[in-house]
Amino acid sequence: MKVIIKENYDELSKETAKIIKEAILTKPNLVLGLATGSTPIGMYQELIQMYEKGTLDFSKITTFNLDEYFDISTDHPQSYHYYMRKNLFDETNINPKNIYIPDGTAKNVKAFCRDYERAIQETGGIDLQILGIGSDGHIGFNEPGTSLNSRTHLTKLAESTIEDNSRFFEKKEDVPKSAITMGVQTIFEAKKIILLASGEKKAEAIAKTLEGPITPQITASVLQQHPNVIFILDKKAASKLKKYG
Ligand code: PGA
């Protein structure tokens with residue numbers, strides 16, 4: 001486990017984009033796992049700038065997003081499809097054919113989840129997975145109590161997640177109650193993982209993830225066992241760590 005503590009959000013975003021850039025330069029057909037939420041936005045802006053400067057080419061990469069709300073259309077402004085178009089895809093030369101995001105409108109969810117897993121396998125697996133973390137310690141939408149062996153599945157959002165994400169919606173009642181998410185095991189199988197956390201609101205979850213027991217109550221804690229994981233934190237998110245602070 002590697003832990004990098006940056007001064008602030010800006011530095012965290014730059015550092016992460018730099019690592020992604022190096023990974024793409026090393027392997028132009030990189031399979032990149034992507035996350036949504038507020039945390040990766042700065043990193044996406046850095047990547048867009050690299051593309052605009054001509055120092056980074058996304059044309060051969062494949063992307064898999066972690067999750068999507070259910071049941072929500074891809075055009076809904078709070079859907080993760082929309083978020084990804086706005087924050088990355090429309091601004092770079094990622095080939096639309098190589099973009100995978102869980103389908104929040106899937107009619108046969110079980111079949112969809114199976115196909116999503118298969119699509120990941122067929123690319124040879126995720127080379128680099130970017131993660132945020134919920135204040136309840138979730139990765140993807142793997143809420144407290146989710147099996148650490150889980151694969152892509154439909155899940156109910158925890159009350160705390162609905163509360164956290166209500167800031168993006170007009171009112172709390174508008175937040176979807178469920179989502180399709182990669183499972184904990186799906187995420188764990190990525191060859192390399194970077195987890196990002198910024199701000200005091202994440203400090204408790206980060207301390208439990210890194211220094212607490214490995215438990216389904218904090219699904220991110222499974223990362224303690226991952227052979228190639230980097231936590232990139234800002235000082236506030238790292239503020240409750242004892243060993244790494
Ligand atoms: P955030 O969400 O980046 O908006 O804080 C992270 C998450 O819930 O995984």
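Index from 1, following the sequence. It should be emphasised that the depicted structure is a prediction, and the values quoted were computed from it without experimental measurement. Read the numbers this way: they start at 1 and go in the same order the structure lists the ligands and their atoms.
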**Student:** How are the rings of Tyr116 and Tyr100 set to each other: parallel, tilted or perpendicular (split at 30° and 60°)?
**Tutor:** perpendicular

**Student:** Hey, which atoms in ligand 1 end up nearer than 4.0 Å to a heavy atom of Thr39?
**Tutor:**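 Ligand 1 atoms under the 4.0 Å threshold to Thr39: 1 (P), 3 (O), 5 (O).
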
**Student:** Charged N to carboxylate O under 4.0 angstrom, Lys208 versus Asp136?
**Tutor:**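 No, Lys208 and Asp136 are not salt-bridged.
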
**Student:** What I want to know is whether Thr36 and ligand 1 share at least one N or O pair that is separated by under 3.5 angstrom.
**Tutor:**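 No: no nitrogen or oxygen of Thr36 is under 3.5 Å from one in ligand 1.
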
**Student:** Is there side-chain contact between Tyr83 and Ile101, with at least one heavy-atom pair below 4.5 Å?
**Tutor:** no

**Student:** Provide the number and element of each atom of ligand 1 under 4.0 Å from a heavy atom of His138.
**Tutor:** 7 (C), 8 (O), 9 (O)

**Student:** Which atoms of ligand 1 have any heavy atom of Gly37 under 4.0 Å away?
**Tutor:** 3 (O), 4 (O)

**Student:** Are more than 12 heavy atoms, taken from residues, nucleotides or ligands other than Lys156, located less than 6.0 Å from that residue's NZ atom?
**Tutor:** no

**Student:** Any ion pair linking Arg151 and Glu189 (charged N to carboxylate O, less than 4.0 Å)?
**Tutor:** yes

**Student:** Write out the residue and atom name of the closest protein heavy atom to atom 2 (O) of ligand 1, then the distance separating them to 0.1 Å.
**Tutor:**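 Looking only at protein heavy atoms, the one closest to atom 2 (O) of ligand 1 is Lys202 NZ, 4.1 Å.
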
**Student:** Quick one: which ligand 1 atoms are inside 4.0 Å of a heavy atom on Ile133?
**Tutor:** 6 (C), 7 (C), 9 (O)

